[in-house]
Structure formats: structure tokens, C-alpha cells
Amino acid sequence: MEYNFREIEKKWQSFWKENKTFKAENKSDKPKYYVLDMFPYPSGAGLHVGHPLGYIASDIFSRYKRLQGFNVLHPMGFDAYGLPAEQYAIQTGTHPAVTTKKNIERYKQQLSKIGFSFDWDRQVITSDPAYYKWTQWTFIQLFKHWYNNKIEKAEPISDLIKEFETSGNKNIDAATSYKDIFSAGQWKSMTEKQQQKILMEYRLAYLSDTMVNWCPGLGTVLANDEVKEGVSIRGGYAVERKLMRQWSLRITAYAKRLLEGLDNLEWSDSLKEIQRNWIGRSQGAMVKFEVKNCFISDEKVFIDVFTTRADTLFGSTFMVLAPEHELAEKITTPEQKSKVEEYISWAKNRSERERLTEVKKISGVFTGASGINPANGKEIPIWIADYVLSGYGTGAIMAVPAHDSRDYAFAKHFNIPIIQVVSGGDISEESYDAKQGKMINSGFLNGLDVKEAIPAMIKKIEEMKIGYGTINYRLRDAIFSRQRYWGEPFPIYYKDDMPYTLDEKELPLELPEVDAYLPTEKGEPPLARAKEWKTKQGYPLECNTMPGFAGSCGYYLRYMDPQNNEEYFSKQANEYWKNVDLYIGGIEHATGHLIYSRFWNKFLFDLGLTSKDEPFKKLINQGMIQGRSNFVYRIKGTNTFVSFNLKDKYEYTPIHVDVNIVDNDILNIDLFKSWRPEFADAEFIFEDGKYICGSEVEKMSKSLYNVQNPDDLIEKYGADTLRMYEMFLGPLTDSKPWDTHGIEGVFRFIKKFWRLFHNSNNDFEISDEKPNNKELKILHKTIKKIKEDVERFSFNTAVSSFMICVNELSELKCNKREILNELTILISSYAPHIAEELWHKMGHDESIAYAKFPVLNEEYLKENTVVYPVSFNGKMRFKVELDVNMSKEEIEKTVLNHENSQRWISGKTPKKVIIVPKKIINIVI
RNA sequence: GCCCAGGUGGUGGAAUUGGUAGACACGUUGGACUUAAAAUCCAAUGGCCAUUGCGGCCGUGCGGGUUCAAGUCCCGCCCUGGGUACCA
């Protein structure tokens, strides 16, 4: 029989489906192994060859682990909420659920053709009410908990209320924005609304007026990780800062644990580094500066600043507030009022993008007020400038122009004095920012080294009770509201303008129908259009929905127990599966999903629901598969196209051409003419009778006509070939261009593998003869290599080893059962369909998926002789085969007397002979 | 600017611990089989020189260094990709 992959692959895919071959049980005597892929957003475009790369790798690993005797959890699902389906709904009126369902079906169909060993019974879809019930449930728990810094753990709000009732808040050390101190008596005398307002500042999910990234193009706010360089990552729309009442998650409470947890994870250094930078820990001090002669309701006014350079306090010659700072207008003197107001409104109306691109432009305004430098009692001016960000630290700084380049530029521009306090550099030219040198002009600090001066100054600040040493994080709370339709509704209603959670029994709160997917005329989010969007008691429900990342925060937990209607997941299921052993996905989630998930998991851990503090033990980022675009060159002003190597004689315009009408860079003229009407009459300047196209490596994208679709390749070569080729392309973690021609080589290999089992008439024929040592050696060499390679995720070299093995066995015309049986198991995780087919032909009844991974016998690898490369002064000159047991002395003697050596020694006495057993011989002349 | 990866034939890449640089493929060239094509098989294939044969020199971004030996380690530089960007 010919190798008929279409028939074989269809046959085994339905076999696996019917027999539920890959169903994972929550109870097993086997050790568990959890392999997870980042689940896809089902877009309308379908999969291209880049998408399955990670899935193939994780599938190979899952199948390998099954062969090794593990109970493997390898699920798949869909991250189904997202902007594209909603944008499409706005344009066409099609409900996003309809689009999403259709796209999921398409994705599933495409995925099923690749032969993945997913347990589809565990599929989760984030937009399914049975799933998002638990997203909403977790939100309620976040609302009902606060973070206790003393024990670094989330605790129930009810416990916090008890504490307020007995002792007020003086003993509480919480992650909160609330600064005032109240007593138990004061607490009790508050109205419910006042109490709720205070509690809101402690909750891990809280509602507040915050500066948000408002994206008018998308009609919604965005989280920090959804914005890059002042524009939205999805769609590239401009983003501006806006004060809005929004839900946020107090992820900053977990900053320390999120940072420290990284140390024990098997993630790539670069990914950990991205997260470390995003969390951005800085050690420093909080210092209080008094505002001179300034009183608000009889109390002195102080400005808190955060600094990492407490040592330079004596050099602080002015202060700067962010334009959004709450004191900015309050401390401004009447004379400066109009200027300050003008500046603040100018700064507010600047888009984020303008602000970023005009970083070099210095702007600011003097408030007229002065602060007092607590180190030396000197009066220093207070300015407002937008180089100070409201979101970091306290939104106010002590400026030290001598030792901070930004302050320096500002001081030079506005003629503010500069006092050097650390020796080194030339401050008439530029600031001296290095943390190196001796202190000068700094009172009691003089003569100390910077490294000594920092703690000395912090100690002094603490003694003076004007501040304290502290750690500041760059990480911000996650803004959790979106003014969109297609997302999880919040389980929240409003009473007296204060938010309350729905009862857990009322979950899921299902997404209502609306007449249009647009904001109302009053500018409320789309949910405000829903009829009866209120509780049974008549209280209005929240109209915002949750962000795109909400559903992916805990999906890996739900896979453990996906049909559970009583709980998110059972304790028993979680204690069995624990956390993800191997997670494969793109690096683009470094500052989004991968931080949010860790936070979500840590919170559930604090509640005692998850058994592990970290969700993803080992994580691999697969590289991107880039497209290889082809170009034709049209001579300017004509409809004539010039072949690649002749183009420089003309003035031309390169035009992307569909890679599917180009074969090996040679353009198919007929297909090109019929590709687009404007090319129907095209003329050509050929070279060697052919039209050669240019090529370039770019992103794989529809608009660049370089998309390779897995379905087409499967149709042509089969899924086994596609799987192996995607792995053969290069290291999993590297980005690499797709080259369709390479797939032929893998296809040839698969056919060659098939021929090992078939005679010249294409009939299945294997021999029961005992294999010889040569054959056993080939097999065991391959077992060893495949095992090593898969365990270090080096799938490309594993594929080459299979090629070498099959080449060698073909050469020996080996069709012996003992060899082929083992080789089939080895290859089954890479090319499961052909392996399953041959496995059954060899007489097995059970699926190969649960066969036993071949055991390596080192005996077969033993050699009697070693071929030594003989080098002279490090240059390899010839090889010599020697007995493996020869002593170094014997080797030296033999090699020096070897006829080929004489030429290189040429009568001289070798200075030194280096012999590394079984490796190399080097003779130094 | 700062931080992190990386730079090897015409192409994708291999070299796992400092020990034969270029495995395995693609492509190219020549050949076999065939009426022909496809498929398959064989041979050559880093560059330069030599070629009747043996062979020789150079070569892992560039310049230094350590070592018997460097793609691999160290120092300096260049380039590419990613992250981040007034983070006090």
C-alpha cells in the first residue's frame, strides 16, 4: 500500500475521538503532568502555520510524557471575549456570540486536523456563562478581601470590619490608598455610606476615580499593558489620560510576592527580566516637605516625596508636582493662579502620545509657593511640571539638579540654582547621576561615600520623624472596567450610589441582549441599553464589563474540573493536578496575562483554594514564524515587470505578490495574470526565460500575501509532515521564517520511514529476524538522542536524529520487528498518525499513545575503538582509529610513530602531547 | 538612554561540559531510471589556491586576549531583534 496520509490521518483522528484516547482522569495511580498551551482568541482569519507551532511542541511533549507513564492533562479552550468580534458586531449588527461560535468551530476543525492529543471534554470557553460564572465569583471574592501587609496575605473584609469596630484602623497595615487614622468610636459613628467608602479603599477589587488610559477610538479605557507608546496595542488608536470612575484590581498589593516568586520559576531569563522591570522595585525613602506659610483648614500642609537618593537631600533646590497632584492648585499663590491653571489644563489635554514624543521639550510653571528642605531648612520653590508623573511614587519629587539629569535640564531651563553634593563629574556641563563619590556640602554627611550616606540620611529622616525608608513599585493597579459589550458583566449593583455584590447564588449574571453594541447617547456603556438591567429589587446593575484578560486569569484552574457547577474547581482536583508543569505560549503576554494570572492564583492561594502559590512552573516562549514574502518589480509608469536580477537597470516599484503563485522564487506567469485584473496584460522582462521574484522576511500577514495556511499544507503533505516540519524549522524559542520548500525534505523522510515497513511492491512486510549489533546500535543511539532532545525541548535536532536513523536503517535494508517496533513508539509523539497505523499493522490492538517508551541499553552503544582526530598545534590533520582501552602512553607512542605524523613533526621534538581520552589528540610542535 | 537576547555556508540550522566547525535538511549542479513527467536513487556542494594525484591557505559580525586547543571563556567595538522609557 502506498503511504496514503489522507486516509490514515482521518482514520486515526476519528479513532482517538471515538475512543476518547486522550481523556485525562482526575484520579490515577500514575504521576500527573499538566501541559498547557495559551488558548487562542478565535479570530475570523483562522489559523496560519505560526499558530500551531507551540501546540505541536506541547503535544509532542504530552505524548512523550504519556509514553513515560504519566497521567497527562493536555486541554484546549478558547479565549472568546475580545474586541474584533465586537467591532464586527458594531459594523454588521451580528451578535458577537454568533461570530465567536462560528470562529471557534473553524478553529476546532483546523486544530483537529493536526492530530493533537487534547482532552476536548475539558474545553473551556471564556464567554460561556458556565465558565464566566467563576470569573464573576472570583471578582466577588476580590471585592470581599483586603491585603494584610503584616502577614502578606489577603484576608476577609469582614475581619477588617471587626478590627475597625474594636480598635479603629491604627493597628492595620494594609495595601490601601487610605491615609487617615480613625478610632473604633469614630468608625461606629459613621454612616453606612461613609463606612463603605473607607472599605472601598481596602478592597482588592475597588471602585475609584482614577486616571485611566482612555481610548476614544475603541470607546473604552485600557490597562497599562494594553497601551504602548501612547497608542492601543489592538488597533493602534491614540490614548489619552482621563479621570474616570472605574473598577481596579489591587494587584500592587502583591508586587513583592510577584517579584520574589519569579526566582523559583523555570522561565526564560528574558521573560523574568521583563516582569521584574514591569514590577519595577526601587528602594528609597519617603520624605515629608513642609509647604511654607501654607495652611488648609488650620493644618500645616506637607508634600510627600519618594526618592531613591536620600543622600542628595541637601542638594534639593526645588520641588516639582505632577499637574494632577491634589495640592497643585491648592498651594498656588494668587499671583500665579492663572498661569498654573493654564498649564494644568494644557498638560491635561495633551495626548499621551504628544507627551511621549515631546519628552525633550521642557515645560513647567512656578506655583509661587515654597517648600522647606528638611535637611538644611532652606526655602525652595515648588514647581508644577509634567515630567513628574502622577502615577509613580507620590506624584511629587524633591529635585536634585546636580545629580539627576531631568532635574538638571529643568533647572538650567528655568534658572534654578544647582548645588553639588556628591564629588565627581563636572556639573557645569551635565548632572552627575552616578551613585559614586564622596558627599560634600551636606552637613553631617560630608566625607561619607554615597553608599554609606543613603542609609545614614534615611536613619536621620526617621529620627526627625519626617519620613521613613521604604520600597516603591512601578507596577500599577489593573484597571478592570471596559466600556464595551462583549465581556463578563460585573456581579455588582448600586444602592445609594454605592456598589454591592450580587449574591453568589445569583451567578452567573448573564450578558443581556442590547439593540446596538454602541454607547448610549449619554455616553454610557452598551449594557445601559439593555432592558431591565437591574436586580430583582430594582437596583441598577453595573454597565461596564470586564476586560479581555479577565477570562484567562484562571482558565488553567478550570481545566482541572471543568464541569463543576458547585465550585470553581474541586479541592480534590486541584490537589491532584496542583499547577501547570509546562506552559507554552508567546512572549507577548509577559506584562499582561502572565502577571494577572499569577496575581489571581496567589489570591486564590491566600483563600486556600489553590494548593500552589505559582500557577506555571515551567514556561517556554515559542518564537514567531515569520512570513517569506515575494515581490515583483514593475517598471515605473508601465505595466512591465522586470525579473529580480535585471531590475537595477530600471526605475521600479516592488509589489507584494501572493506566495501561492510563486514556486521557488519563480513566478507562475499565467497565475499572475489571472491573479488581479490589472495584471492581465502585464509584460515581462525575463532572465534565462524565467521571471525571478525577490523575497523578504516579514510578519506573516494577509496584507503581505505571505500567509501559509495549515489546511493547504495538510492537504498536500499530511499532518505528520506538517508537525515534523514545524519542529524541524529551528529551535522552538527562536523566531524563524517559514520556507515552504523545506517541507519537501520532511515529506521525503516520512515516506522513507514508511518504506522501511514495506517491500518493493509496497506490501507491508517486516521480518522477525533478530537484529544485529549494528542495527541495535542505530536504534539505541536514537533512543538516547530523542530522549535527551525532547527533555531539553530541542525538537529540531530530534527530527534530524530520526532522519539519520531512518537513513541508516534504509541503507542496511533493516525491516526487523524488534527495531521498527521501538522506532515507531519513538516517533509516535512527533508523527502520531503514521505511527498509529504502522503500530496496528505490526499487530498491536491498543493505541500507541499508551505504549511504553523504549528503554535505552547503553551496552549497544559501547565501542571497541575510537576514531581520534589528531591535531598539530590545534589543527586537525588526520584521523586514527585506536583501541578504546589503550593507555595514554600507548596512544602517544602509536600516534607519534604514525606515518602521517612524520610530515608534521618533521624531525622536531614535540613540546607536548595532549590526549583527552575518547575525544582528541593534540600534538604541540 | 537603560535592560535582555542574538550574530555560523546561497537558505533554515547543528556543534549539549572549551576538544574534528558546517550534522540534518532546503537549494544548486551533474548522473541513473523513464517514451516523457512525477516519484525514487547516486554523486558533488563554505571560500580561495592547486588539480595528474597528494594537498595547502583562509574561515563562526569586527579588533584584541586567555588556552595545548575558542563558534563556545574574558575585554573593547559594530550590527540585528525584543522589552522599557521622563519611574525620581
Side-chain angles (χ1 to χ4, degrees), chain A residues 2 228-229 268-278 280-282 284 305-309 312 320 355-356 358-360 362 385-389 391-400 403-407 409-410 433 472-476 587-588 590-591 621 623-624 628 664-665 695 697 725 728-731 733-746 748-749 751-752 755 785 788-789 792 794 796-804 807 810 867-879 903 910-916 918-925:
Chain A
E2 282 277 330
K228 199 180 156 184
E229 284 162 10
S268 72
D269 288 338
S270 57
L271 177 53
K272 287 198 217 180
E273 206 52 34
I274 292 171
Q275 288 214 344
R276 284 195 190 104
N277 292 339
W278 188 260
R281 180 185 194 271
S282 18
V305 303
F306 175 75
T307 178
T308 54
R309 293 295 301 273
T312 62
V320 186
R355 202 182 62 76
L356 287 172
E358 292 170 11
V359 160
K360 297 269 139 54
I362 294 157
D386 72 351
Y387 84 90
V388 172
L389 305 176
Y392 184 77
T394 61
I397 61 154
M398 59 172 230
V400 184
H403 305 290
D404 181 291
S405 54
R406 296 153 301 178
D407 298 343
F410 194 84
D433 295 13
N472 200 36
Y473 293 94
R474 199 191 78 116
L475 185 71
R476 320 261 175 100
I587 190 123
E588 66 273 19
T591 54
N621 294 117
M624 213 173 51
R628 187 176 182 278
N664 201 15
D665 288 342
S695 71
V697 171
Y725 183 56
F728 186 61
L729 223 41
T733 51
D734 287 10
S735 285
K736 56 244 158 187
W738 180 266
D739 168 21
T740 303
H741 285 277
I743 200 169
E744 299 275 356
V746 175
R748 272 174 217 155
F749 154 75
K751 285 187 287 189
K752 203 166 176 181
R755 277 201 305 275
K785 185 82 166 88
E788 281 171 5
D789 284 353
R792 63 190 177 108
S794 178
N796 57 327
T797 52
V799 175
S800 334
S801 309
F802 281 125
M803 290 174 169
I804 293 167
N807 286 346
S810 299
V867 177
Y868 278 98
V870 181
S871 302
F872 292 83
N873 292 336
K875 273 184 203 274
M876 206 280 286
R877 295 302 180 183
F878 63 90
K879 289 175 193 171
R903 234 178 108 192
K911 285 184 192 142
K912 209 171 177 184
V913 178
I914 287 123
I915 293 159
V916 183
K918 294 183 189 173
K919 277 261 162 74
I920 198 170
I921 298 162
N922 190 18
I923 298 160
V924 187
I925 305 294

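Lettering follows sequence order; numbering is per chain, from 1. Because the structure is a prediction, the values reported are computed rather than measured.
Among residues two or more places apart in sequence or in another chain, the side-chain hydrogen bond (donor to acceptor under 3.5 Å, both in side chains) test is passed with A/S801 by none. With sequence neighbours left out, A/Y868 forms a ring pair (Phe, Tyr, Trp, His ring centres under 6.0 Å) with no residue at all. Legend: residues meeting salt bridge (Lys or Arg N to Asp or Glu O under 4.0 Å) with A/D789, ordered by chain and number and at least two apart, are A/K785, A/R792. Under the ring pair (Phe, Tyr, Trp, His ring centres under 6.0 Å) criterion, A/Y725 pairs with A/W738, not counting sequence neighbours.
At a threshold of 4.0 angstrom between heavy atoms, the contacts of A/S282 are confined to the sugar-phosphate backbone, with no base atom among them. Among the heavy atoms of the strands lying under 4.0 Å from A/I274 are primed sugar atoms or P, OP1, OP2 only; no base atom is included. If you check every strand for non-hydrogen atoms under 4.0 Å, A/V924 touches sugar and phosphate atoms only. Note on A/R281: nothing from the nucleic acid sits closer than 4.0 angstrom, heavy atoms only. Among the atoms of the strands shown, base atoms are found under 4.0 Å from some heavy atom of A/L389. As judged by a 4.0 angstrom heavy-atom cut-off over every strand, A/K785 is placed among the base-contacting residues. Heavy atoms of A/V388 sit under 4.0 angstrom from at least one base atom.
For the pair A/T733/A/N621, no side-chain contact is recorded, criterion being any heavy-atom separation below 4.5 Å from C-beta on.
Put simply, the side chain of A/D407 gets close to the backbone of A/V400: a donor and an acceptor are under 3.5 Å apart. Proximity of a side-chain donor or acceptor of A/D433 to a complementary backbone N or O of A/S405 within less than 3.5 Å is detected.
For A/R276 and B/C2, the shortest distance from a side-chain N or O to OP1 or OP2 is not below 4.0 Å. For A/N796 and B/A14, the shortest distance from a side-chain N or O to OP1 or OP2 is below 4.0 Å. Taking 4.0 angstrom as the limit, A/S800 places none of its side-chain polar atoms (N or O) nearer than this to OP1 or OP2 of B/G13. Residue A/K912 places at least one side-chain N or O under 4.0 Å from the OP1 or OP2 atom of B/C68. Note on A/K875: a side-chain N or O is less than 4.0 Å away from OP1 or OP2 of B/C58.
Comparing the P positions of B/C73 and B/A15 gives a spacing of 14 Å, expressed to the nearest Å. Rounded to whole Å, the separation between the C1' atoms of B/G12 and B/G7 comes to 15 Å.
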Just by protein heavy atoms under 4.0 Å, how would nucleotides 25-30 of chain B read 5' to 3' in B, S and -? SSSS--

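Minimum atom distance to the side chain of A/T308 is reached by B/A88, of the listed B/A88, B/G13, B/A15. Of the candidate nucleotides B/G83, B/A39, B/U20, B/A39 has the atom lying nearest to any side-chain atom of A/K751.
Closest approach of A/Y392 and A/Y473 over heavy atoms only: CE1-O, 3.9 Å.
Between A/F872 and A/F878, the ring-plane angle classifies as tilted under the 30° and 60° cut-offs.
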Map every base of RNA chain B to its dot-bracket character, where paired means a Watson-Crick or G-U wobble contact with both distances under 3.5 Å and | marks a partner outside the strand. (((((((..(((......[....)))((((((.......))))))((((.....))))..(((((..]....))))))))))))....

